[in-house]
Structures are given as structure tokens and as C-alpha cells.
Amino acid sequence: MSNQVGLLLSFVFLSFFIILSGEILAYQQTSAKTFAMTTQIALHVEKHGYSEEELENLEFLEYLDEINVTSSINELDGYVKYDITVSKKYKAFSSIYDYLNQDIVCKMSVYRKE
């Protein structure tokens with residue numbers, strides 16, 4: 001009888017572990033994809049400058065929830081600093097792991113000589 005209870009408990013903990021592993025992999029995949037898209041935006045701004053119309057034409061921006069680009073000019077050097085902030089909401093697929101429901105935020109700064 002005790003072997004059956006121990007076996008049952010081990011299967012319960014194994015199932016929680018498998019669900020948690022899948023949830024962590026999905027979260028890491030979402031955060032890596034968000035970071036890669038932020039890098040693509042930063043490379044585009046660095047190469048072409050910031051234009052809201054051009055950024056809206058990029059295909060992958062539909063995946064992201066919010067994009068914020070601010071700029072400031074350094075008067076001494078003539079460089080423009082672009083601060084890029086991107087956020088993506090993550091929704092856990094299991095109600096057990098509701099603490100993972102949060103925003104994934106990526107921030108990058110790009111300097112460009114104008």
C-alpha cells in the first residue's frame with residue numbers, strides 16, 4: 001500500500017515538473033523572441049534613423065504589444081541617443097503558474113551621428 005502511495009505522489013510531482021518545464025520553455029522562447037525583435041528595431045534605427053512610418057512597415061511588430069522610442073541630442077558631439085523600450089505581455093498557459101503572467105520589457109539605447 002505504501003509503495004502505491006509513493007508511486008502516486010511521485011507521478012503527481014513528475015506531472016508538476018513537466019508542466020513547469022514546458023511553461024519555463026515557453027516563457028524563455030517568448031522573452032528571447034521579444035529581445036531579438038528589439039535588437040532588430042535597434043539595428044534599423046541605427047542604420048536608417050528613426051521614422052515612425054518606417055517602423056510601422058516592419059512585419060514583425062505585430063507580435064509586440066508596445067513600442068516606445070525617445071530621442072535626445074548631445075549638443076557637444078552631435079550624436080542622437082535613441083532609447084527603445086519594447087514590451088510583450090506573457091500569459092501562462094496553466095493557471096497553476098499565474099505568477100508568470102507579467103510583461104516582458106526590453107530596453108536598448110542606440111547612438112547615431114546625424
Side-chain angles (χ1 to χ4, degrees):
M1 181 69 178
S2 66
N3 286 339
Q4 292 173 345
V5 172
L7 187 62
L8 181 65
L9 286 175
S10 67
F11 278 131
V12 168
F13 288 123
L14 180 63
S15 66
F16 281 132
F17 177 73
I18 290 172
I19 292 171
L20 177 64
S21 298
E23 191 74 52
I24 289 173
L25 287 175
Y27 183 80
Q28 286 179 340
Q29 180 183 13
T30 304
S31 62
K33 193 172 182 180
T34 304
F35 187 73
M37 289 181 185
T38 306
T39 304
Q40 289 297 320
I41 293 169
L43 289 173
H44 181 78
V45 169
E46 182 181 25
K47 188 173 184 181
H48 302 289
Y50 174 65
S51 172
E52 191 170 341
E53 294 83 24
E54 285 185 21
L55 282 182
E56 288 176 358
N57 292 334
L58 297 177
E59 300 168 358
F60 57 85
L61 294 183
E62 296 172 3
Y63 178 78
L64 302 171
D65 292 330
E66 184 180 342
I67 301 168
N68 187 12
V69 179
T70 58
S71 62
S72 61
I73 300 174
N74 186 348
E75 298 293 331
L76 297 176
D77 297 332
Y79 284 96
V80 178
K81 178 183 178 185
Y82 294 100
D83 292 316
I84 303 167
T85 306
V86 173
S87 67
K88 170 75 177 155
K89 293 187 185 303
Y90 180 77
K91 174 83 171 129
F93 54 82
S94 175
S95 62
I96 297 171
Y97 304 108
D98 280 340
Y99 61 90
L100 289 175
N101 293 340
Q102 57 186 344
D103 289 344
I104 299 170
V105 178
C106 296
K107 296 180 182 180
M108 284 192 180
S109 296
V110 174
Y111 291 89
R112 178 180 162 84
K113 182 80 170 177
E114 294 286 334

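Computed over heavy atoms, backbone and side chain alike; hydrogens, waters and symmetry mates excluded. Numbering of residues begins at 1 and proceeds along the displayed sequence. Just so it is clear, the structure is predicted and the values come from calculations on it, not from any experiment.
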S.K.: Can you name the closest pair of heavy atoms from K89 and D65 and give their distance?
M.R.: N-OD2, 2.6 Å

S.K.: Can you name the closest pair of heavy atoms from S71 and V80 and give their distance?
M.R.: CB-CG1, 4.0 Å

S.K.: Under the 4.5 Å side-chain heavy-atom rule for ILVMFWY, direct or indirect, which residues accompany F11?
M.R.: L7, L14, I18

S.K.: Is there a side-chain contact between K88 and F35 in this structure, where contact means two heavy atoms from C-beta onward sitting under 4.5 Å apart?
M.R.: no

S.K.: Using every non-hydrogen atom in the two residues, find where E46 and R112 come nearest and quote the distance to one decimal.
M.R.: O-NH1, 2.8 Å

S.K.: Is there a path of hydrophobic side-chain contacts, each under 4.5 Å between heavy atoms of I, L, V, M, F, W or Y residues, that connects Y82 with I73?
M.R.: yes

S.K.: What pairs with Y63 under ring pair (Phe, Tyr, Trp, His ring centres under 6.0 Å), at least two apart in sequence or on another chain?
M.R.: none

S.K.: With rounding to the nearest 0.5 Å, note down the distance linking OG1 in T70 to NZ in K81.
M.R.: 8.0 Å

S.K.: With a 4.5 Å heavy-atom cut-off, do H44 and L55 have their side chains touching?
M.R.: yes

S.K.: Testing T85, I84, V110 one by one against V69 for a side chain to side chain contact (heavy atoms under 4.5 Å, CB included), which residue passes?
M.R.: I84

S.K.: By the side chain to side chain donor-acceptor pair (under 3.5 Å) test, which pairs, at least two apart or in different chains, include something from residues 19-31?
M.R.: E23-Y90, Y27-Q102

S.K.: Kindly check if the number of other-residue, nucleotide or ligand heavy atoms within 6.0 Å of NZ (K47) is above 12?
M.R.: no

S.K.: Is there a path of hydrophobic side-chain contacts, each under 4.5 Å between heavy atoms of I/L/V/M/F/W/Y residues, joining F16 to L20?
M.R.: yes

S.K.: So which heavy atom on M108 is nearest to which on A42, and how close?
M.R.: SD-CB, 3.8 Å

S.K.: Check whether any side-chain heavy atom of I41 sits under 4.5 Å from a side-chain heavy atom of L61, and report yes or no.
M.R.: yes

S.K.: Which heavy atom of D83 sits nearest to which heavy atom of S109, and what is that distance?
M.R.: OD1-OG, 2.8 Å

S.K.: In sequence, state the C-alpha distance, the side-chain angles, and the governing distance for M37 and V86, and then conclude on side chain to side chain contact (heavy atoms under 4.5 Å, CB included).
M.R.: CA-CA 9 Å; M37 289 181 185; V86 173; 6.0 Å; no

